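Questions regarding the structure given below will be posed in turn.
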Amino acid sequence: MTKFQPLSTAINENLESGSFVAFEGFTHLIPYAAAHETIRSGVKDLTLARMTPDVIYDQMIGMGIVKKLIFSYAGNPGVGLLRRLRDAVENDWPKPLEIEEHSHAAMANSYEAGASNLPMAILRGYQGADLINVNPRIKTIECPFSGEYLAAVPALKPDVSIIHAQKADINGNVLVEGIIGVQKQAALAADKALVTVEEVVLDLGSHPNACVIPSWAISSISVVPGGAHPSYAQGYYERDNSTYLEWDKISSDRNAFSEWMQTNVLDQSPEIFAERVKHLRE
Amino acid sequence: MTKFQPLSTAINENLESGSFVAFEGFTHLIPYAAAHETIRSGVKDLTLARMTPDVIYDQMIGMGIVKKLIFSYAGNPGVGLLRRLRDAVENDWPKPLEIEEHSHAAMANSYEAGASNLPMAILRGYQGADLINVNPRIKTIECPFSGEYLAAVPALKPDVSIIHAQKADINGNVLVEGIIGVQKQAALAADKALVTVEEVVLDLGSHPNACVIPSWAISSISVVPGGAHPSYAQGYYERDNSTYLEWDKISSDRNAFSEWMQTNVLDQSPEIFAERVKHLRE
Amino acid sequence: MTYSPYEIMVVSAARFLKNDDVCFVGIGAPSAACNLAKLTSAPNITLIYESGTINTAPKVLPLSIGDGELCSTALTTVSGVEMFNYWLQGGRITVGFLGAAQLDRFGNINTTVIGNYNKPKVRLPGGGGAPEIASHSKQVYIIMKQSPRSFVSKIDFFTSYGFGKGGSERIDKGITTKGPQLLITDKAIWKPTPQSNELQVVALYPGVTREEMQDTVGWPIKYAKNLEEYVPPSKHELEVLRDLQERTKLAHGKKESN
Amino acid sequence: MTYSPYEIMVVSAARFLKNDDVCFVGIGAPSAACNLAKLTSAPNITLIYESGTINTAPKVLPLSIGDGELCSTALTTVSGVEMFNYWLQGGRITVGFLGAAQLDRFGNINTTVIGNYNKPKVRLPGGGGAPEIASHSKQVYIIMKQSPRSFVSKIDFFTSYGFGKGGSERIDKGITTKGPQLLITDKAIWKPTPQSNELQVVALYPGVTREEMQDTVGWPIKYAKNLEEYVPPSKHELEVLRDLQERTKLAHGKKESN
């Protein structure tokens, strides 16, 4: 059964150095507040999984708290490259970064396998592609019925998965709505699922087949309005495109990056997120 | 792209003797009108797939138009056994019935594999169970990562899948709502998907993550109000429990069965279904 | 207050259910027991039906596994694939309920055929969700009436696996869940014997004799050393159960006669 | 009416799209081309973005693959797993669009690294959905500007497979889809040569010379025997495209400055 907790308590109680953590959200509902709290918490040597590492992981990698990254597309969406990630991979700054790279299709299926308590996922994937030659965690298996060869990838089973959602009801059931990505799969694949939400309501008031995660499958819920900024929460506030564009500049310089992180992350608390989305509310 | 057609046209144009057909719907939204039209159409030697054969397949088996049945639970839900199916399996009446039996979990995954263009599905299944010993279409494969053995079942790829749904919009997009079972998977696994609906509306007016099948993935839509009776359509009419109870008596006698089918199926047309649900509308 | 054998069976099953249980509920006695528990000792229990309805709270008992009532009172309703993969195989179910046409002393279950599989004397419905309920639920509770036809020394088909031939066979097969931890009948409560995993009687209902027991069971019954004193159904338990059944009858009767 | 190289590239791509196409759309030029087609010659075209939005009809161009506009104008939005399994792998996509950091003459694509994979000179974003878009879409259309840095004789990494070394290699690998059937650049239209599957120029845009072409391509360009006469973008096409881009700029600018 879940409990409602301040975000700092949720992060401190559930993450530790060396943890395997997935922060999920496909463009929409990216859990920025939780990532920033993770940076402030002082944990390090994290193994991070995420289909689209995005600015959120660029920040964590740049801060040197990531040991290994499992991913399928490392870009600043609609903008370009992730400069802190590049600096880590190309120049080992601030430290070397181990990578395990997949395709989106494989990684989505890996989360689903984790949620389904399977050791692996199978797909028609990587046909003719080089990734299968550089990632030993992609194998092939033969279908005993058709004789065809399929790609196999291991299940993703994070210690902790963290997602942001629109709302929880007072019993701790959570609604994710709109572009839902692999949030449900990631949450159910993990030992512990942490959720940040925009608000708590009496009743979710949702469609019968909506994407709802029951309270008993969640470890902890923290109310952080604006917690997805500069990503967005459909129905609450829009994507802050200019922040994504600015990141390209900030992240291009190690010093500018470090200063920005000090001012905007280390010296802040989750409450700042409500401020940040004020001008983006519909 | 789909087209709107009378049910008889849809069945006659898409089914033929020897076809592999899935009529899906898990207790809810069972496509009875389409099954009755199929019986009237004169096709035979069908291979039928369905997780819960239910009264709908008892009728088709009793009429002698089924060659092979792929299934996972052959009961009259909440009532008992399927007497026509029993008569076919135990006494070859009206003719022998070939069966391929799975568990629900395996069969749901087989449809998903079909929808996903995979040749097979894997699951942790049948552990210690005898079904794996009597059904050669259940195999085991070894996970190349964990070394564990998993069950593998072949994908289900029907020639035609038939489902009933609440509504289509005027462009032929279809909404399935409530207990959705494996309808979407079955529809997408087939070469052709036929849908009967309660009504056609201007706009589905549904939740962003509702179970909607786009028109271009559907071959044909027929408007048949009440078409799920004695199953039900959530929001339209309730389950006709007494009909399920009565079936137990009708189906217990070969003559009573044949007479009932003549009167209630062979001599009828899809229009009768609207009549049958009148007293069940909320 | 007097009660029927069915009533004490349902009340007994309900007593074992706890607020933090997540139950995969079947139609009939399991459904009655789970809903009785929800109305009495375990108001926060989570009920899931294999039709995909999660956290459901029907006001009347469903007649089928997929009644509209289950969906309209559920927190959410998921696809069949998701139900079996994420929720059952995913290990989220604490208690799975099973019934049986045939049961043996090691909690193995047959609901597939009487006689030979390829030429059966009676073709039963088959497994449905049961083979995986038996292996993926953290514990399995079996509810069924005792009778010499169903409590047999050898079942004709292993639809759902319990402890196989007993001992460590279940663990040896790589199954990590506990298997049948309770057998609740109309006469007694049974639990697996440590080590051998043979089901043994741990409590007899008031007034049930050992002779009566043996008449309804096709193997020599094993009894625990110290049988528990069994508390008969309370007035409250019976009233709530009867009220639930009355509501159910009215609701279904009304719809049918309309 | 004059036009930019980007504009003729987008207009050209849009012209190839048909009402019954189901497009898996990427951000940038593919998104502009698909939405231009929807507003001009193919109003019933189906657009899918890999964020899960099916039959979407954005009024302005999205900046990211998962803008809220894509979801709120979609028929339905599905999970990431469903998108890649049922819709892409399921064979429902008629046209998948790809761009590239590096492209070779057989339509193989690199968006992963410049240099060695384990110690890259430039670490690019990687494949994302592309490896499976390349193999599961019935056809692949590649849209990108020509430049000697990107049109190379040998790519550093096979992110997405086209025709490999050409000829029947694609079929020999068991891939049943057609692969790159069109390469639309800022200077020309390319299509695979029958048999060899080497991309060859089938049309040059008005005013583009063969010298200019060779300056931007790192292998000896093959030309079709009879180059098609290329019709320049019409006033209508350009107006609709510019209007779409203006609306986009206004919409995104407004949100940002609020």
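The sequence lines fix the lettering, A, B, ..., with proteins before strands; numbering per chain opens at 1. Being a predicted model, the structure only gives us computed values, none of them experimental.
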**Largest heavy-atom contact set with chain D, pairs under 4.5 Å, which of A:S72, A:G75, A:P53, A:A121** =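 The option with the most such pairs is A:S72.
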**Asked** Out of curiosity, A:D130 CG to D:D156 CG, how far, rounded to the nearest 0.5 Å?
**Response**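 Reported to 0.5 Å precision, the distance equals 10.0 Å.
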**Message:** So for atom NZ, which belongs to A:K95, do other residues, nucleotides or ligands contribute more than 12 heavy atoms lying within a distance under 6.0 Å?
**Reply:**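 Yes, because the 6.0 Å sphere around NZ of A:K95 holds more than 12 heavy atoms from other groups.
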**Request:** Counting only heavy atoms closer than 4.5 Å, note whether A:M51 contacts chain D via side chain, backbone, both or neither.
**Result:**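 Only the side chain of A:M51 comes within 4.5 Å of chain D.
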**Request:** Would you mind reporting whether D:F158 and A:I132 have side-chain heavy atoms less than 4.5 Å apart?
**Result:**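 Side-chain contact under 4.5 Å: no.
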**Request:** Check the pair D:H136, A:R124 against side chain to side chain contact (heavy atoms under 4.5 Å, CB included), reporting the backbone distance first and the verdict last.
**Result:** CA-CA 9 Å; D:H136 297 319; A:R124 287 188 200 272; 3.5 Å; yes
**Prompt:** Between A:Q183, A:E148, A:E112, A:M107, which shows the greatest number of heavy-atom pairs under 4.5 Å with chain D?
**Reply:**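 Ranked by contacts with chain D, first place is A:E112.
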**Side-chain heavy atoms of D:S79 within contact of A:V182, under 4.5 Å** =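 Sidechains of A:V182 and D:S79: no contact.
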**Request:** Pick whichever of D:G164, D:P131, D:G129 has the most heavy-atom pairs under 4.5 Å with chain A.
**Result:**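 Of D:G164, D:P131, D:G129, D:G129 has the most heavy-atom pairs under 4.5 Å with chain A.
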**Request:** Determine yes or no for a side-chain-to-main-chain donor-acceptor pair under 3.5 angstrom, with D:E132 supplying the side chain and A:Y126 the backbone.
**Result:**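 Judged by distance alone, yes, a pair lies under 3.5 Å.
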**Prompt:** Atom CG of A:L245 and atom CG of D:L63: how far apart are they, to the nearest 0.5 Å?
**Reply:**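 That separation rounds to 7.0 Å.
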**Request:** Check whether more than 12 heavy atoms from other residues, nucleotides or ligands sit under 6.0 Å from atom NZ of A:K67, and answer yes or no.
**Result:**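 Not buried by this count: 12 neighbours or fewer within 6.0 Å.
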**Message:** Can you give me the closest heavy-atom contact between A:N241 and D:H252, atom names plus distance?
**Reply:**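 Reported closest heavy-atom pair: ND2-ND1, 3.7 Å.
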**Item:** Interface residue of largest heavy-atom contact number with chain A, from D:T159, D:T111, D:N85, under 4.5 Å
**Value:**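 Top option by heavy-atom pairs under 4.5 Å: D:N85.
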**Message:** What verdict does the side chain to side chain contact (heavy atoms under 4.5 Å, CB included) test give for D:F157 and A:V134, after you've listed the backbone C-alpha separation in whole Å, the side-chain angles of each residue and the deciding distance to 0.1 Å?
**Reply:** CA-CA 10 Å; D:F157 193 89; A:V134 296; 4.0 Å; yes
**Prompt:** So how far is it from A:Y73 OH to D:L124 CG, rounded to the nearest 0.5 Å?
**Reply:**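 Rounded to the nearest 0.5 Å, the OH-CG separation comes out at 9.5 Å.
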**Asked** Between D:V113 and chain A, which part of the residue has a heavy atom less than 4.5 Å away: side chain, backbone, both or neither?
**Response**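 No part of D:V113 comes within 4.5 Å of chain A.
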**Asked** Shortest non-hydrogen contact from A:F71 to D:P125?
**Response**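 Shortest heavy-atom separation between A:F71 and D:P125 comes out as CE1-O, 3.9 Å.
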**Prompt:** Should the heavy atoms of other residues, nucleotides or ligands under 6.0 Å from OH of A:Y149 be counted, would the total exceed 12?
**Reply:**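 No.
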**side chain to side chain contact (heavy atoms under 4.5 Å, CB included) between D:S72 and A:Q234, worked out** = CA-CA 9 Å; D:S72 53; A:Q234 188 113 22; 3.7 Å; yes
**Contacting moiety of D:E50, where chain A heavy atoms sit under 4.5 Å** =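 Backbone plus side chain of D:E50, per the 4.5 Å heavy-atom cut-off to chain A.
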**Item:** Note, A:V89 side chain near D:P120 side chain (heavy atom, < 4.5 Å)
**Value:**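 Answer yes - side chains close enough.
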**Message:** Tell me which of these, D:G66, D:G80, D:G52, has more heavy-atom pairs under 4.5 Å with chain A than the rest.
**Reply:**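 Counting heavy-atom pairs under 4.5 Å, the top option is D:G66.
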**Prompt:** Do you know which of A:G181, A:G80, A:S231, A:P77 has the most heavy-atom pairs under 4.5 Å to chain D?
**Reply:**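 Heavy-atom pair counts peak at A:G181.
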**Item:** Neighbour count >12 (heavy atoms, 6.0 Å) for atom NZ, D:K119
**Value:**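 It does: D:K119 NZ has more than 12 such atoms within range.
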**Request:** Please round to the nearest 0.5 Å and tell me the distance separating atom CG of A:L131 and atom OG1 of D:T112.
**Result:**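 Rounded to the nearest 0.5 Å, the CG-OG1 separation comes to 6.5 Å.
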**Largest heavy-atom contact set with chain D, pairs under 4.5 Å, which of A:A108, A:G78, A:A74** =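 Of the options given, most contacts go to A:A74.
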**Message:** In the structure I gave you, are the side-chain heavy atoms of A:R239 and D:S64 within less than 4.5 Å of one another anywhere?
**Reply:**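 Yes; the side chains approach each other to less than 4.5 Å.
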**Prompt:** Between atom CG of D:L70 and atom CD1 of A:I179, what is the distance when rounded to the nearest 0.5 Å?
**Reply:**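 So the CG of D:L70 and the CD1 of A:I179 are separated by 6.0 Å.
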**Request:** Sort A:L85 into side chain, backbone, both or neither according to what part of it lies under 4.5 angstrom from a heavy atom of chain D.
**Result:**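 Interface part for A:L85: side chain.
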**Message:** Using 0.5 Å steps for rounding, measure from the OH atom of D:Y161 to the CD atom of A:Q127.
**Reply:**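 CD of A:Q127 is found 10.0 Å from OH of D:Y161.
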